[in-house]
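Below is one structure, written out as structure tokens, with a few remarks after it.
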Amino acid sequence: MAMLSPGDLRNSFFQLYGAEPRLFSAPGRVNLIGEHTDYNEGFVLPLAANKRTFVAAAPRHDRLIQVHSFNLGDYGKFDLDMTPQPTHQSWLRYVEGVARVLEEVGFRLNGADLAVSSEVPIGAGLSSSAALEVSVGFALLRLAGYEVDLMKLALVAQSAEQQFVGTKSGLMDQLTAVFGMRNHALLIDCRMLARTVIPLNIAAMVIVVCDTRVKHELATSAYNQRRNECEQALALLRARNPQILSLRDVSVADLETYREELPETLYRRCHHVVSENDRTVSAAEALRSGEVDYLGQLMNLSHESLRDDYEVSCPELDIMVELARKQDGVVGARMMGGGFGGSTVNLVLRDSLEQFSSGVAEAYQRATNLTPAITAIEADDCVLETL
């Protein structure tokens, strides 16, 4: 089913539940650079995308939470006073997970009627999961009368994804959903959870997301495997130097010193992480100062590292990146997100956008028999209630 506009969502909610809802929303995420560094306490450079998940919500007098997904044409429910039950509805695990974790950390929630409609494509690497978690969590807290601590909300959303979905995700997506700012990116230090607002000083450029329309089944299992590999490498490095608390503490030069301590695969995983941290910090400065060519070079290097060292790309992503780089006006292109499908992020001259979109779409369809979705993205604000 198609996404509903906020006005249509309000009307449909009233038809479903016979009540006037409050409307909440949270953005998807586009990560300019800094991939697979967040769970290694490194640096990331995301922005909140102007594609949002909307939640219409009204309180109930019991402890039942029922939710309609208009995108999926599906319905689910659970009772907060009952023990959680297994469900085949993967999307409902995000909703229930957030509610359960909120209660675990001390919030007494009301029951609620919810209806969800999202502009954030599922499986495209724009973090539809975090947008859903954060918007639902924000709605449930506000319906129960709580002031929302945004950092606590981000941590709850991450915990829900880890406990109820099984993805050992970092915190980047949730932090972006709760702290994103229009026309800015966020340089996030994932150890300190410190955020530096970086103006998008690239007026002549546009950020373009190209959805490959594939998501390989390997994605979740391989994501968790890469995280485990980083933990294995860290244990070996700590045996050599106990002052290394995470891969964040290892420089590229340090890694070469310790190379003989690591099996080749673990060395390459580490090489991606430590070099990506350097690229991300440099990219933030390039973005601030408007050095678009240098920013594009760093994005290109990121893709090569994700493809060769971290091995989380796939043929469709590599084809999309290669085709993008052949287009006029493109200064950088790389895969984005966990990998094995999803989207690429591209930095394109605004005047070349139309030519870029048609050129990449036609060439990608010829190469793969798939029709991509190509979208220009602006940096949006964080989670909010629409009055």
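Everything quoted here is computed from the prediction, not taken from an experiment. Reckoned from all heavy atoms, side chains included, excluding hydrogens, waters and symmetry mates.
The side-chain heavy atoms of Met320 and Pro372, taken from C-beta on, include a pair separated by under 4.5 Å. Within the 4.5 Å cutoff, no side-chain heavy atoms of Val208 are placed close to those of Thr375. For the pair Val101/Gln163, a side-chain contact is recorded, criterion being any heavy-atom separation below 4.5 Å from C-beta on. In this structure, Asp278 and Val252 have side chains that are in contact, with non-hydrogen atoms separated by less than 4.5 Å. Here the side chains of Val331 and Leu295 are not in contact, with every heavy-atom distance at 4.5 Å or above.
A side-chain donor-acceptor contact under 3.5 Å links Thr344 and Asn346. Side-chain atoms of Ser305 and Arg279 form a donor-acceptor pair, as typed in the model, at a separation below 3.5 Å. Between the side chains of Glu378 and Asn50, no donor-acceptor pair of N or O atoms lies under 3.5 Å. At a cut-off of 3.5 Å, with distance as the only test, a side-chain donor of Thr371 or Gln365 sits close to an acceptor on the other residue. Glu41 and Ser246 share a donor-acceptor pair across their side chains, judged by distance under 3.5 Å alone.
Atoms OH and CG, from Tyr17 and Leu114 in turn, are 6.5 Å apart once rounded to the nearest 0.5 Å. A distance of 12.5 Å separates CG of Leu47 from CE of Met181, quoted to the nearest 0.5 Å. Here the straight-line distance linking atom OG of Ser251 with atom CD of Glu256 works out to 9.5 Å at 0.5 Å rounding. To the nearest 0.5 Å, atoms CZ (Phe78) and OG1 (Thr83) are separated by 13.5 Å.
Checked for salt-bridge contact, Arg259 and Glu264 meet the test: a charged N lies under 4.0 Å from a carboxylate O. Look at Glu311 and Arg268 and you find a salt bridge, because one of the NZ, NE, NH1 or NH2 atoms lies within 4.0 Å of a carboxylate O, short of that distance. Of the charged side-chain nitrogens involved, at least one lies within less than 4.0 Å of a carboxylate oxygen, so that Arg240 and Glu261 count as a salt-bridged pair. A salt bridge is defined here as a Lys NZ or Arg NE, NH1 or NH2 lying under 4.0 Å from an Asp or Glu carboxylate O, and Asp249 with Arg191 meets this definition. Looking at Arg60 and Asp62, a side-chain N of the basic residue comes within less than 4.0 Å of a carboxylate O on the acidic one, giving a salt bridge. Between Glu35 and Arg334, at least one side-chain nitrogen of the basic residue sits less than 4.0 Å from a carboxylate oxygen of the acidic one, meeting the salt-bridge criterion. The existence of a salt bridge linking Glu304 and Arg325 is confirmed by a sub-4.0 Å separation between a basic side-chain nitrogen and an acidic carboxylate oxygen. Using a 4.0 Å cut-off between a side-chain N of Lys or Arg and a carboxylate O of Asp or Glu, Asp79 and Arg63 do not qualify as a salt bridge. Under 4.0 Å is where a charged nitrogen must lie from a carboxylate oxygen, and between Asp318 and Arg307 no such pair does.
Under the 3.5 Å distance criterion, the side-chain polar atoms of Asn241 are left unmatched by any main-chain donor or acceptor of Leu237. In this structure, Gln89 contributes its side chain and Tyr75 its backbone to a donor-acceptor pair below 3.5 Å. For the pair Gln327 (side chain) and Leu323 (backbone), a donor-acceptor distance under 3.5 Å is present. In this structure, the side chain of Thr37 engages the main chain of Phe43 through a donor-acceptor pair within 3.5 Å. Judged by distance alone, with hydrogens and angles left aside, the side-chain atoms of Asp189 form no donor-acceptor pair with the main-chain N or O of Ala194 at under 3.5 Å. Judged by distance alone, with hydrogens and angles left aside, the side-chain atoms of Arg269 form a donor-acceptor pair with the main-chain N or O of Asp309 at under 3.5 Å. A distance-only check finds a donor-acceptor pair linking the side chain of Thr257 to the backbone of Ala253 [under 3.5 Å]. Arg350 contributes a side-chain N or O that, together with a main-chain N or O of Met205, makes up a donor-acceptor pair within less than 3.5 Å. For the pair Asp149 (side chain) and Met151 (backbone), a donor-acceptor distance under 3.5 Å is present. Side-chain atoms of Arg238 come within 3.5 Å of backbone atoms of Ile244 as a donor-acceptor pair (strictly under, hydrogens ignored).
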Legend entry - Intermediate values then yes/no, side chain to side chain donor-acceptor pair (under 3.5 Å), Glu229 and Thr265: CA-CA 9 Å; Glu229 288 168 343; Thr265 296; over 6 Å; no
Inset, instruction - Please step through side-chain contact (heavy atoms from CB on, under 4.5 Å) for the pair Lys326 and Glu322, ending with a clear verdict. - result: CA-CA 7 Å; Lys326 291 178 179 178; Glu322 180 182 354; 3.6 Å; yes
Inset, instruction - Evaluate the criterion side-chain contact (heavy atoms from CB on, under 4.5 Å) for residue pair Val136 and Leu140; output intermediate values, then yes/no. - result: CA-CA 6 Å; Val136 166; Leu140 293 176; 3.9 Å; yes
Inset, instruction - Show the numbers, then the answer: is there a side-chain contact (heavy atoms from CB on, under 4.5 Å) between Leu247 and Cys230? - result: CA-CA 8 Å; Leu247 295 184; Cys230 289; 4.0 Å; yes
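The aromatic rings of Phe138 and Phe24 lie perpendicular to each other, with more than 60° between the two planes, well past the 30° mark. Between His272 and Tyr310, the angle of the ring planes lies from 30° to 60°, which puts this pair in the tilted group. Ring pair Tyr223/His36 is tilted by interplanar angle, where 30° to 60° counts as tilted. Ring pair His271/Tyr267 is tilted by interplanar angle, where 30° to 60° counts as tilted.
Hydrophobic cluster membership differs between Val44 and Leu298, with clusters built from Ile, Leu, Val, Met, Phe, Trp and Tyr side chains linked at under 4.5 angstrom. Residues Tyr39 and Leu234 are members of one and the same hydrophobic cluster, defined by side-chain heavy-atom contacts under 4.5 angstrom among Ile, Leu, Val, Met, Phe, Trp and Tyr. Residues Leu126 and Leu175 are members of separate hydrophobic clusters, defined by side-chain heavy-atom contacts under 4.5 angstrom among Ile, Leu, Val, Met, Phe, Trp and Tyr. When the side chains of ILVMFWY residues are joined at heavy-atom separations under 4.5 Å, either directly or via intervening members, Leu64 and Val116 end up in two distinct hydrophobic clusters.
Aromatic ring centroids of Phe13 and Phe54 lie 6.0 Å or more apart.
Around atom OH of Tyr258, more than 12 heavy atoms belonging to other residues, nucleotides or ligands sit under 6.0 Å away.
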